[in-house]
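Read the structure below first, then the notes.
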2 protein chains.
Amino acid sequence: MTELATTGTDLPRLRELNSLSIVRALRDHPPSTVTELSQRTGLSRPAVDVIAQGLVSDGWATVLEPGASSAVGRPARRYQFRAGAGYVLGVDVGAHKILALLADLDGNIVQTVRQSVAAEAEPAERLAVLDEVVTACVAGAGKTASDIWAVTAAVTGAVDASGRTSFFTPLPGWKSVNLPAHLGAHFSCPIVVENDCKLAALAERWKGAATDADDIVYLLGGMRTGAGLIIDGVLRRGFGGAAGEIGALKHVRWLNAPEHLQNCPGVPETVSPDDAAAWVFNAAREGDRAARGAVNRYVKDLAVGAAALVLTLDPQVVVFGGGFSRSADLVLDPLRNELQRLCLRMPDVRASTLGADSVALGALKLSLNEVDVRLFSAGLSAPVAPRRQ
Amino acid sequence: MTELATTGTDLPRLRELNSLSIVRALRDHPPSTVTELSQRTGLSRPAVDVIAQGLVSDGWATVLEPGASSAVGRPARRYQFRAGAGYVLGVDVGAHKILALLADLDGNIVQTVRQSVAAEAEPAERLAVLDEVVTACVAGAGKTASDIWAVTAAVTGAVDASGRTSFFTPLPGWKSVNLPAHLGAHFSCPIVVENDCKLAALAERWKGAATDADDIVYLLGGMRTGAGLIIDGVLRRGFGGAAGEIGALKHVRWLNAPEHLQNCPGVPETVSPDDAAAWVFNAAREGDRAARGAVNRYVKDLAVGAAALVLTLDPQVVVFGGGFSRSADLVLDPLRNELQRLCLRMPDVRASTLGADSVALGALKLSLNEVDVRLFSAGLSAPVAPRRQ
DNA sequence: CGCAATACGCTTTGATCTTTACAAAACCGC
DNA sequence: GCGGTTTTGTAAAGATCAAAGCGTATTGCG
């Protein structure tokens with residue numbers, strides 16, 4: 001049974017509930033008149049009026065005095081959610097780069113800071129770059145740490161409940177890093193660390209290829225292969241944070257799938273190992289037989305794991321993302337064919353519409369979700385950054 | 001974002017919310033005094049008093065006048081949820097038998113009717129037996145169809161949104177059966193049809209081996225192999241109702257796994273094919289080498305699919321159920337060893353504690369859930385059977 | 001300039017919960 | 001048996017909140 005509000009509701013709580021419903025009605029909408037809000041919430045106009053004024057005086061909303069009106073009648077005051085009341089951070093701690101995004105409570109991105117880092121960099125160096133990027137991002141927007149309401153960091157590898165990657169991570173020495181503690185020294189707000197594939201999945205549902213779906217399997221296709229799962233509209237982590245790690249099963253040949261591309265015969269010596277896959281995709285697009293074969297072998301291995309995910313979860317959509325999604329034109333059709341052969345019910349197979357920023361975008365979205373959860377469970381007293389615990 | 005109450009709350013709705021929280025506080029508890037309810041809900045004693053009296057006059061609760069009291073002070077009136085206000089049905093439409101359970105709103109089973117049916121029976125015959133069993137179950141408890149608030153039927157095979165098993169089912173001719181329509185002729189309440197593995201999983205979480213877990217992979221081990229998934233405490237069906245059908249993947253050798261047992265050398269001619277597996281388990285328990293080998297090969301095949309599910313979902317618990325769960329003593333340890341070898345994070349592996357009735361029990365639970373959803377979303381006006389749509 | 005339409009803001013009314021107070025019913029010690 | 005204690009039941013008063021109604025302000029149009 002779902003643990004719904006088993007607690008009783010008194011009058012102040014009623015006011016709070018109605019204030020929250022006004023906030024909800026205010027968000028994701030253009031500035032609204034009291035009458036519009038009244039219709040949207042079902043509350044009476046006077047009730048909306050006093051609540052809206054309370055929201056303004058508490059700092060949750062701003063009021064736009066009427067300017068030139070288009071309709072007849074007295075022009076209405078318009079209320080607007082004050083998205084600038086707080087800000088959230090999303091950071092992608094990648095192997096080659098660190099990317100931080102700062103957004104207001106509406107999710108509008110106001111600052112982007114990116115810095116590259118060596119793949120083989122030690123944790124101390126990577127953390128130093130992370131600090132630089134984060135402080136530059138916050139300061140660059142003219143904000144301070146106290147303006148930040150939630151921080152989410154994306155890392156590779158399964159993230160456990162304590163925010164560490166104890167099982168596995170390709171970043172050198174990263175297993176011993178306590179990222180929540182490190183970031184906690186800079187921020188007093190809630191800090192979340194999550195797996196990069198999962199966050200990319202979240203991003204695709206937010207503003208990517210699967211905004212219409214509640215059941216999504218996201219495939220990260222790149223030099224690493226991974227997956228993120230959204231079930232019934234919620235990102236699923238599993239009991240220990242290791243959901244989606246189907247690649248660990250040897251029968252599913254995800255670990256070595258990219259090698260078909262990297263070791264494809266015919267790649268010139270001048271092409272670096274990191275760029276080999278891109279070269280092979282290009283060659284395949286131009287009809288090179290060896291390259292086409294390599295792509296097909298890659299897709300065939302990818303499809304076994306994808307089929308296992310699809311058969312387990314029966315999703316509406318499979319999104320193909322990651323570095324190889326730039327070559328989705330070559331991957332999607334053979335992937336569809338393989339899935340058709342292997343699965344019971346065929347899902348929609350789509351290419352990611354977000355670029356390499358999808359992970360940081362997903363981190364941003366998780367921060368926004370964190371704020372939402374706090375807001376709509378703890379209630380709104382005054383708009384200040386929530387503190388941990 | 002979760003679609004929470006975007007709608008405003010007026011005073012009557014407030015009373016309804018508080019009535020619901022009293023109902024919640026009343027259920028899953030022994031008869032309670034007003035003071036206890038007041039503490040449990042946070043509402044004041046007078047408020048609880050008037051609400052409780054309202055619930056009694058509406059038929060949702062009954063009042064127990066004070067008898068002999070043990071404590072000091074004036075003995076309190078006790079209120080009790082009226083579980084007999086409505087009843088729900090859970091029916092297992094199996095290959096060999098049809099089993100119907102009738103329970104009150106607290107889940108207390110008040111009637112059980114079972115009847116065997118030939119595995120090769122045509123749909124018409126199976127439906128006739130189903131009707132007999134269901135009417136006998138309802139009439140046997142002295143109830144009528146209008147007392148039934150929800151009906152859930154369990155069938156084998158993936159169930160789509162319309163309640164049919166269009167993909168696949170081992171029951172002969174069953175694909176063309178429209179079970180919701182058939183049952184809808186007898187009942188006006190909501191009717192749900194669901195896959196048997198999924199319902200068995202629900203039962204294990206309700207009163208079985210995994211009452212403590214929210215993330216469960218249930219394995220049905222028998223002449224057929226199947227799975228049911230509970231994620232974050234909710235039974236997951238997938239977008240098309242085909243979640244958990246990992247057995248369809250050829251790399252996962254679930255389809256033929258039981259054959260290791262059935263075709264084990266050394267089974268006497270006198271043992272019927274249906275009983276071969278039981279014979280092999282017994283022989284293995286007594287040290288027969290061939291039998292032990294067959295069991296090990298069975299577990300090895302079972303474990304590949306189980307590992308795919310575990311790696312995908314990272315559950316807290318794996319429950320081994322189905323006909324073979326009587327021999328769980330032979331299966332669990334080798335299954336653990338294989339999973340340990342194949343998985344990242346090892347889940348708890350447990351044997352089902354429910355017998356062959358688990359599917360019907362799960363169907364009952366889904367009916368109760370259906371009632372709960374209606375109750376706590378539509379609200380409580382008067383206790384009468386909900387109508388479809 | 002007057003009229004109509006719309007929005008604003010105030011007042012009244014009704015519903016609900018909480019607090020406070022007091023009577024009723026059991027038990028305990030003397 | 002009787003008063004004291006404790007807990008329950010109930011009634012009255014106070015507070016909070018939303019709904020309904022109505023007068024006022026502002027704008028556009030003829």
Side-chain angles (χ1 to χ4, degrees), chain A residues 5-23 25 31-58 61 63-80 379-381, chain B residues 5-23 25 31-58 61 63-80 379-381:
Chain A
T6 177
T7 175
T9 310
D10 56 1
L11 278 313
R13 175 68 184 154
L14 174 64
R15 163 60 67 98
E16 191 168 320
L17 285 174
N18 283 339
S19 297
L20 283 171
S21 72
I22 297 286
V23 169
S32 310
T33 68
V34 173
T35 310
E36 285 165 3
L37 290 172
S38 164
Q39 289 166 353
R40 229 177 276 155
T41 58
L43 263 48
S44 72
R45 213 165 35 108
V48 173
D49 194 71
V50 297
I51 290 172
Q53 285 177 17
L55 289 176
V56 169
S57 70
D58 282 353
V63 61
L64 296 174
E65 287 304 332
S69 75
S70 57
V72 296
R74 174 173 172 175
R77 215 176 0 227
R78 290 181 176 274
Y79 290 93
Q80 187 175 24
L380 28 75
S381 45
Chain B
T6 177
T7 173
T9 310
D10 55 1
L11 278 314
R13 176 66 185 157
L14 175 65
R15 166 57 69 93
E16 192 168 325
L17 285 175
N18 283 337
S19 297
L20 284 170
S21 71
I22 297 287
V23 168
S32 310
T33 68
V34 171
T35 310
E36 285 166 3
L37 290 172
S38 165
Q39 288 165 354
R40 228 176 275 155
T41 57
L43 264 49
S44 71
R45 214 157 43 101
V48 173
D49 196 72
V50 298
I51 290 173
Q53 286 177 17
L55 289 176
V56 169
S57 71
D58 281 354
V63 58
L64 295 174
E65 287 305 332
S69 75
S70 57
V72 298
R74 175 173 173 171
R77 223 178 353 228
R78 290 181 175 275
Y79 291 91
Q80 186 176 23
L380 28 76
S381 46

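Keep in mind it's a predicted model, so treat the numbers as computed, not measured. Proteins get letters first, then strands, A, B, ... in listed order; numbering begins at 1 in each.
Taking CZ of A:R78 as the reference point, atom CG of A:L37 lies at 10.0 Å (rounded to 0.5 Å). If you take CZ on B:R77 and CG on B:L64, they are separated by 11.0 Å, rounding to the nearest 0.5 Å. Rounded to the nearest 0.5 angstrom, B:I22 CD1 and B:D49 CG are separated by 10.0 Å. Atom CG in A:L14 sits 8.5 Å away from atom CG in B:L17 (nearest 0.5 Å).
Of the candidate nucleotides C:dC8, D:dG9, D:dC17, D:dG9 has the atom lying nearest to any side-chain atom of B:V34. When distances are taken from the side chain of A:L14 to each of C:dT18, D:dT8, D:dA18, the shortest belongs to D:dA18. Residue A:S44 has its side chain nearest to D:dA18 when only D:dT8, C:dT18, D:dA18 are considered. Counting only heavy atoms from C-beta on, B:A76 has its side chain closest to D:dG9 among C:dA26, D:dG9, D:dA18. With C:dT18, D:dC17, C:dA21 as the choices, the nucleotide that has an atom nearest any side-chain atom of B:R45 turns out to be C:dA21.
Rounded to an integer number of Å, the gap from CG of A:L11 to P of C:dT16 is 11 Å. For B:E16 and C:dC17, the CD to P distance is 12 Å, given to the nearest whole Å. At whole-Å resolution of the value, CG in A:D49 and P in C:dG9 are 6 Å apart. Atom pair A:D10:CG and D:dG14:C1' shows a separation of 15 Å (rounding to whole Å applied). Here C:dC8 presents its C1' atom at 15 Å from CD of A:E36, a figure rounded to the nearest Å. Spacing between atom CZ of A:R15 and atom C1' of C:dT16 amounts to 15 Å, rounded to whole angstrom units. Atom CG of A:L20 and atom C1' of D:dC17 are 16 Å apart (whole Å). Taking atom CG on B:L37 and atom P on C:dT18, their separation rounds to 14 Å, with Å as the unit.
Side-chain atoms of B:R74 and base atoms of D:dG9 include no donor and acceptor less than 3.5 Å apart.
Residue-level contact check: B:T35 touches the backbone only, with heavy atoms under 4.0 Å from sugar-phosphate atoms and none from bases. Counting non-hydrogen atoms under 4.0 angstrom, B:R77 reaches the backbone sugars and phosphates but no base.
Across the interface with DNA chain D, nearest-nucleotide mapping of A:P46 and A:P12 shows A:P12 to be the residue nearer the 5′ end.
In terms of phosphate contacts, A:N18 brings a side-chain nitrogen or oxygen within less than 4.0 Å of OP1 or OP2 of D:dA18. Between B:Q53 and D:dG9, a side-chain N or O to OP1/OP2 separation shorter than 4.0 Å is absent.
Side-chain atoms of A:S19 come within 3.5 Å of backbone N or O of A:R15 as a donor-acceptor pair.
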